[in-house]
Amino acid sequence: MSSESSKKRKPKVIRSDGAPAEGKRNRSDTEQEGKYYSEEAEVDLRDPGRDYELYKYTCQELQRLMAEIQDLKSRGGKDAAIEIEDRRIQSCVHFMTLKKLNRLAHIRLKKGRDQTHEAKQKVDAYHLQLQNLLYEVMHLQKEITKCLEFKSKHEEIDLVSLEEFYKEAPPDISKAEVTMGDPHQQTLARLDWELEQRKRLAEKYRECLSNKEKILKEIEVKKEYLSSLQPRLNSIMQASLPVQEYLFMPFDQAHKQYETARHLPPPLYVLFVQATAYGQACAHMKSSQTPRQDKTLSVAIEGSVDEAKALFKPPEDSQDDESDSDAEEEQTTKRRRPTLGVQLDDKRKEMLKRHPLSVMLDLKCKDDSVLHLTFYYLMNLNIMTVKAKVTTATELITPISAGDLLSPDSVLSCLYPGDHGKKTPNPANQYQFDKVGILTLRDYVLDLGHPYLWVQKLGGLHFPKEQPQHTVVADHSLSASHMETTMKLLKTRVQSRLALHKQFASLEHGIVPVTSDCQYLFPAKVVSRLVKWVAIAHEDYMELHFTKDIVEAGLAGDTNLYYMALVERGTAKLQAAVVLNPGYSSIPPIFQLCLNWKGEKTNSNDDNIRAMESEVNVCYKELCGPRPSHQLLTNQLQRLCVLLDVYLETESHDDSVEGPKEFPQEKMCLRLFRGPSRMKPFKYNHPQGFFSHR
Amino acid sequence: MERAVPPAVPLGQMEVFQALQRLHMTIFSQSVSPCGKFLAAGNNYGQIAIFSLSAALSSEAKEESKKPIVTFQAHDGPVYSMVSTDRHLLSAGDGEVKAWLWAEILKKGCKELWRRQPPYRTSLEVPEINALLLVPKENSLILAGGDCQLHTMDLETGTFTRALRGHTDYIHCLALRERSPEVLSGGEDGAVRLWDLRTAREVQTIEVYKHEECSRPHNGRWIGCLATDSDWMVCGGGPALTLWHLRSSTPTTVFPMRAPQKHVTFYQDLILSAGQGRCVNQWQLSGELKAQVPGSSPGLLSLSLNQQPAAPECKVLTAAGNSCRVDVFTNLGYRAFSLSF
């Protein structure tokens, strides 16, 4: 390799050496060119394979000669020099051959390079052409899709279907022979038809408008005529009045009431209509059974109609008022600024304003006592309230403890369970209250009346529990469905309250007024006596140490009434705390006992006291007496006296104490004690008159 | 009128009645099922409720698991006593003993299997049954109560074999002496009587109220509870709770507890007793009060130790009495929670 590379370099060196001799060079250049060309041509003629063979042969020869020269030199001798010279010449020739071969190889290489370059350039040109073509194709494709995606406006127009078009359009538009085959022409024709139709419809619309105008004018004329008729009719009515009176036909009175009813707000109107209807239905039923004519339910409207009317034409008046008041307010602000409190107060009053009209309902009970109910409507709160009053046929002596029984505030409390009428039933109100700083409606209830839930129902107002609704409409069917049950409940409520009232009057004097039809529930001789019956406050009841169970069981709500009874026999004193549910007598009074005799005994330390409580509280159904069981309280108290007798008489005698028993056993008992908790025989067996265990 | 009823709001008629019934409920008896996972409790309205102890004691117990899984009307009168055999639940109260299959109760099919009435001498009032006692050795049941006698009933045939007479007033409680076939009974007459079942004779009588150490005349002489362990017997009631040595019939220890006790039982080296008052009392045999664990009822009538080997996780003490709740004590230290009717 190294020898080869040195061979390659040699010609270059020679050439660079020859560079400064220019004159020579020109000549030699032409010479060389001629040589070059010949050699170039020679290249094409010669076979590279044979050149290679030649090269190999030459190299071999050279090696051989070199070896011979070395051989000769090492041998030495005189003739050696000649021999060497000869051999050198031979080798020179071989070198020449080698040089020639080298040049040829170079030329071949250059030629090959040129060819490759040429071919490469050709390929590049073709490639560029291809790219241009591809780009063009792509562009064209894009153009095509753009065209395909083009949306014409006419596609949005809803055209009549094809069959309809050919059926209805005139032939000069449809041009069936042209358009049948050509969808483009067809679409154009259909669009033309559409335009034609629209033009026609616009024409029609204009016609209708003018027609309407005409009819309106006609109506105007007729209205004028009708309004002129009203005064004439009125005068006829006026004239007929004396005749009506003469014939006792209260059409006009009823008519007047209906006239007034027109001004009632919707809920009161619903109530009025439904109550009247119910009253009439009751009267019919009554009159078909008995000839009595008195109505059990009478309905009337109270209040000023004018005020109500004034309410109903607010548009111009109220605006005037407002501007007036605004002006006034400005003046007053100039004079003196009203305090914030006063403003709030006014706002509150405005919010709690009642409708000027109210509905009066008089409910008559069998014993001629009357429940007067007045229903109001709070316009801004959209709720109804009621005030109640009870009048009795005979004057009642009011016992002290009966204070709350018939008071308007509580007589109707909890008519339905949990309905104590102290909270607003309309959930929307709470937000209104927040604005003017009213905490609850409770503080205003005495003034406004109670917003019981049943009142809303009678007025057809139904408030959903979850969300406040702003449009609560008065509903007749709701009112109708609640009217009968509510009226019955009201009646029983009044009767039970009156019955309680009567019972309280005797209880306060220490008399337990057992009626004759309940006498069988008790033995003839009862020694224990009721000595005290007083009303106590809810808080006092809560603080009593022996009422804890009832309070914990959630039976001592603040809507109940609370009493304390004291039953005595000898040295034994039995205190009984009584919870009177407003739903008496369907919900029984609940007794809690505390006996003071030989120490204090309550249900927590004496099983028999507990048994006595359960006798009056749980087994109250035996004590109800004849329906409607208004005598329950009296019977429970009498039973308590009997139970105390049994308790005291059966108490086992303490052997260690001297003297006779305080309470000798007078009751007939089968056994004194029974069962693991040593119960006493509290159950009374009526006809035989003995006591046994339950 | 559909309303959610929070406790403070007035209730309807039915709800008030139910609340009153619960308020005046007394649970007289308890019995653990043979599998140890269920507890039956009988109340004064004749109902038996079955509670699942395993559900109530499990880690994911909710409020509902403390309610009965089933409640059924078993008797007309109160259920004074209940015992469980390996298949049956026997309940008694108003003169009759009824048998129920545990397997069926748990499937909520509450039909009685059989009922038996001991042969009473005619009386105006049907005497009640205050105590039931199983005698496993002879597969019989002893009933005692209002007619002052002990009746033994063969569980195989259902016939009444013996009547042990001797008490002069009604019988409150029974206890079995494990080793010899002897039964103790305590009654309203103030006597504890020891009966030999082989001869059906009264062997021994202890008139507790006559011993000055424990007599309390103002409370009466009745014996409300008794329990026995080999030669020892503990009884209480009107007289103070007292530990007796039976062979010598002498009172050994008088426990200083004022309130009459209604239930007593031996537990390991302690005596557990309960009665008037909220607490379950734990006594050392020496008479020392070891602990008083308050429960939720104002008075307790029965204690039940669940020692069924089948359910070691349900090994609890339950106590019930003058309320609708059954207190559950997982250890003797405090009340874990209450099951409620």
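Since this is a predicted model, take the numbers as computed values, not measurements. Chain identifiers are assigned alphabetically (A, B, ...) following the order of the sequence lines, protein sequences preceding nucleic acid strands; residue numbering begins at 1 within each chain.
- Interface check for chain B: of the options A:P588, A:A611, A:S677, A:P582, the most heavy-atom pairs under 4.5 Å are formed by A:S677.
- Among B:H172, B:M14, B:Q21, B:H263, the residue making the largest number of heavy-atom pairs under 4.5 Å with chain A is B:H172.
- If you measure heavy-atom distances from B:M25 to chain A, the contacts under 4.5 Å come from the backbone alone.
- Summarising the local packing, CD of A:Q688 is surrounded by more than 12 heavy atoms from other residues, nucleotides or ligands at distances under 6.0 Å.
- For a residue to count as touching a neighbouring chain, one of its non-hydrogen atoms must lie under 4.5 Å from one of that chain's; by this rule B:T26 touches chain A with backbone and side chain alike.
- More than 12 non-hydrogen atoms from other residues, nucleotides or ligands lie less than 6.0 angstrom from NZ of B:K67.
- Other residues, nucleotides and ligands place no more than 12 heavy atoms under 6.0 Å from the CD atom of B:E212.
- For a residue to count as touching a neighbouring chain, one of its non-hydrogen atoms must lie under 4.5 Å from one of that chain's; by this rule A:I590 touches chain B with the side chain only.
- Atom CG of B:D76 is surrounded by 12 or fewer heavy atoms from other residues, nucleotides or ligands within 6.0 Å.
- The closest side-chain donor-acceptor pair between B:N43 and B:Q47 falls under 3.5 angstrom.
- For chain B, the option among A:S692, A:S604, A:G675 with the highest count of heavy-atom pairs below 4.5 Å is A:G675.
- Comparing B:F28, B:Y80, B:W222 by heavy-atom pairs within less than 4.5 Å of chain A, the highest count is held by B:W222.
- A salt bridge is absent between B:E188 and A:R671: the closest approach of a Lys/Arg side-chain nitrogen to an acidic carboxylate oxygen does not fall below 4.0 angstrom.
- Heavy atoms of B:Y45 lying under 4.5 Å from chain A belong exclusively to its side chain.
- Each of B:G299, B:G224, B:G146 has some count of heavy-atom pairs under 4.5 Å with chain A, and the biggest count is that of B:G146.
- In this structure B:Q276 satisfies the side-chain hydrogen bond (donor to acceptor under 3.5 Å, both in side chains) test with no other residue, sequence neighbours excluded.
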